[in-house]
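Structure first, then comments.
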There are 2 protein chains.
Amino acid sequence: MGKAGTKGVSRTDRERQIVDVAVEEFGRHGYASVSVAAVARRAGISKPLVYSYFDSKDGLFLACVHRVGALLADAVAGAGSRRGSTGHALDTLSAIFTAVEHCRHAWSVLYDPALPPSGEVRDAVSLYRGRLAAMGAAGAAGLLTRAGHDDPLDHELLNGVWQYAVTAVMRWWSEHPEQSAAAMTARCARLLTALGTG
Amino acid sequence: MGKAGTKGVSRTDRERQIVDVAVEEFGRHGYASVSVAAVARRAGISKPLVYSYFDSKDGLFLACVHRVGALLADAVAGAGSRRGSTGHALDTLSAIFTAVEHCRHAWSVLYDPALPPSGEVRDAVSLYRGRLAAMGAAGAAGLLTRAGHDDPLDHELLNGVWQYAVTAVMRWWSEHPEQSAAAMTARCARLLTALGTG
DNA sequence: GCGAATTGACCTTCGGGTAAATTACCTTCG
DNA sequence: CGAAGGTAATTTACCCGAAGGTCAATTCGC
């Protein structure tokens with residue numbers, strides 16, 4: 001639109017705003033389908049400004065990964081810790097819901113299945129996924145050992161299923177924006193008790 | 001590599017072979033990250049031949065969707081039908097495992113989350129997803145009503161979680177090619193019983 | 001005026017898509 | 001049975017738009 005020249009927005013503020021937009025775009029459409037120009041447009045600025053602050057598309061995505069990775073890891077680490085796998089799962093989900101209530105596509109950024117198959121981006125994503133998996137599904141281990149199963153591959157698979165289940169819940173939530181975090185927690189509580197009595 | 005001219009492969013055979021390759025590529029990397037040239041290269045032919053048979057990238061993807069959609073829908077429709085949600089889920093999973101044992105990326109083609117957000121492709125995918133959801137998670141409805149929950153949104157969400165859980169299992173399987181379909185069924189049986197006793 | 005913020009215009013690569021030419025198979029007629 | 005010609009299979013070379021990435025200029029706050 002307007003000519004060149006500063007608009008009085010500090011670099012820090014602008015970076016935060018760009019990452020806000022980028023998280024939503026990446027979370028909604030996936031890494032491969034989002035163009036830097038689209039992010040710039042939706043942020044109301046021009047493409048070279050994005051490159052000036054983040055160097056490359058990967059750099060922008062990395063910033064998003066660190067943003068949402070820290071947010072989610074902190075939330076899960078600080079979650080309540082009831083005993084019993086159902087209670088533990090609910091505590092974890094509740095912590096995630098409240099953490100991303102104003103940034104609902106955060107989870108999908110970390111669990112975008114169409115990432116570049118190698119490189120720095122993949123490494124950073126794997127790092128945060130690993131942390132979330134270790135914490136969130138530590139309860140799953142107890143669940144399996146209590147049932148007498150100790151195959152490590154079983155644990156690995158249950159871990160993957162747990163993370164994809166959370167992904168499903170998050171995507172459903174993005175499509176039902178009227179639902180509050182508390183309502184989501186209650187809903188998941190109903191589902192989990194129903195599963196336990198199946 | 002060689003010059004032009006037919007190699008004596010009929011259109012029908014070639015189409016089947018191209019779709020074989022394309023299903024694997026689309027399933028592994030996702031719609032947006034796969035180029036028609038890559039599919040052609042891995043099939044040992046040239047790009048214009050693909051366009052000559054499938055018109056466009058969307059046309060090629062549509063062929064893949066119909067291939068795997070029919071395969072999966074038939075498998076689930078013909079699955080055993082034990083009573084009880086655990087038995088029903090296991091029957092469904094077992095049918096899917098044996099159906100796609102030689103085509104393990106089939107499921108991921110239908111559940112690629114980075115599809116174009118509208119258009120014919122999306123419609124076809126939604127059609128098959130709907131069929132699979134209706135059949136596969138009819139059991140989920142029983143599970144919820146038995147537990148006294150009748151919120152239709154709960155059903156919708158449980159449906160989504162079920163489909164993503166299956167997606168997780170399928171992706172794990174793609175990364176563990178040494179596992180047989182029977183082994184996967186047994187593994188899922190262990191997980192489901194462990195869940196029931198949680 | 002100096003530096004930070006910001007942009008229009010440009011370059012380059014990649015991927016979807018196309019046109020025309022080449023080769024081989026199959027029919028048909030002498 | 002063999003030559004002519006149509007048709008199907010296949011490729012090389014190309015076009016074009018979109019997206020990643022860069023440069024130099026311009027404007028504002030201090």
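In the text below, chain A, chain B and the rest are named by the order of the sequence lines, each starting its count at 1. We use all heavy atoms of the structure for the numbers below, so side chains are in, but hydrogens, waters and symmetry mates are not.
Here B:Ser35 lies in heavy-atom contact (under 4.0 Å) with sugar-phosphate atoms only. At a threshold of 4.0 angstrom between heavy atoms, the contacts of B:Val39 with the nucleic acid are absent. Residue B:Tyr53 is in sugar-phosphate contact alone, with no base atom involved, counting any heavy-atom pair closer than 4.0 Å across all strands shown.
The cluster map of Ile, Leu, Val, Met, Phe, Trp and Tyr, joined by side-chain heavy atoms under 4.5 Å apart, puts A:Met135 and A:Val169 in the same cluster.
Rounded to an integer number of Å, the gap from B:Leu49 CG to D:dT12 P is 12 Å. Across the protein-nucleic acid pair, A:Arg11 atom CZ and C:dG3 atom C1' stand 14 Å apart, rounded to whole Å. Atom C1' of nucleotide D:dA19 and atom CD of A:Glu25 are separated by 15 Å, given to the nearest angstrom. Taking atom CZ of A:Phe61 as the reference point, atom C1' of D:dG21 lies 19 Å away to the nearest angstrom. Rounding to whole angstrom units, CZ of residue A:Phe26 and P of D:dA19 are separated by 13 Å. In this structure, A:Asp13 atom CG and C:dA5 atom P are separated by 10 Å, rounded to whole Å. Distance, B:Leu60 CG to C:dG15 C1': 14 Å, rounded to whole Å. Counting to the nearest Å, the C1' atom of C:dA4 and the CD atom of A:Glu15 are 13 Å from each other.
Using a 4.0 Å cut-off between a side-chain N of Lys or Arg and a carboxylate O of Asp or Glu, A:Glu15 and A:Arg11 qualify as a salt bridge.
Although no hydrogens or angles enter the test, the distance criterion places no donor-acceptor pair under 3.5 Å between the side chain of B:His149 and the main chain of B:Thr145. The backbone N or O of A:Arg190 sits less than 3.5 Å from a side-chain atom of A:Thr193, completing a donor-acceptor pair.
Put simply, A:Arg14 has no side-chain N or O that comes within less than 4.0 Å of OP1 or OP2 on C:dA4.
Side chain of B:Ser52, nearest nucleotide from D:dT10, C:dT6, C:dG17: D:dT10.
With sequence neighbours excluded, the residues that form a side-chain contact (heavy atoms from CB on, under 4.5 Å) with A:Ser35 are A:Ala37, A:Ala38. Contacts of A:Asp150 classified as side-chain contact (heavy atoms from CB on, under 4.5 Å), with partners at least two apart in sequence or in another chain: none.
Take the nearest nucleotide of DNA chain D for B:Thr12 and for A:Val34: the residue whose nucleotide is more 5' is B:Thr12.
Classified by interplanar angle (parallel below 30°, tilted 30° to 60°, perpendicular above 60°), the ring pair B:Phe26/B:Tyr31 is parallel.
In this structure, CH2 on B:Trp173 lies 11.0 Å from CD on B:Glu178, to the nearest 0.5 angstrom.
Partner assigned to C:dA5 is D:dT26, using Watson-Crick or G-U wobble distances below 3.5 angstrom.
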- request: For nucleotides 22-30 of chain D, just jot down a letter per nucleotide in 5' to 3' order: B, S or -, based on protein non-hydrogen atoms under 4.0 Å.
  value: BB--BBB--
Taking distance alone, no hydrogens or angles, what donor-acceptor pairs closer than 3.5 Å link side-chain atoms of residues 39-46 of chain A to residues at least two apart or in another chain?
unit_1	atom_1	unit_2	atom_2	d
A:Arg42	NH1	A:Glu25	OE2	2.7

Strictly under 3.5 Å: I want the nitrogen or oxygen pairs between protein and nucleotides 11-13 of chain C, one per line.
none

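Within the structure, ring pair (Phe, Tyr, Trp, His ring centres under 6.0 Å) contacts touching residues 33-53 of chain B (residues at least two apart or in different chains) do not occur.
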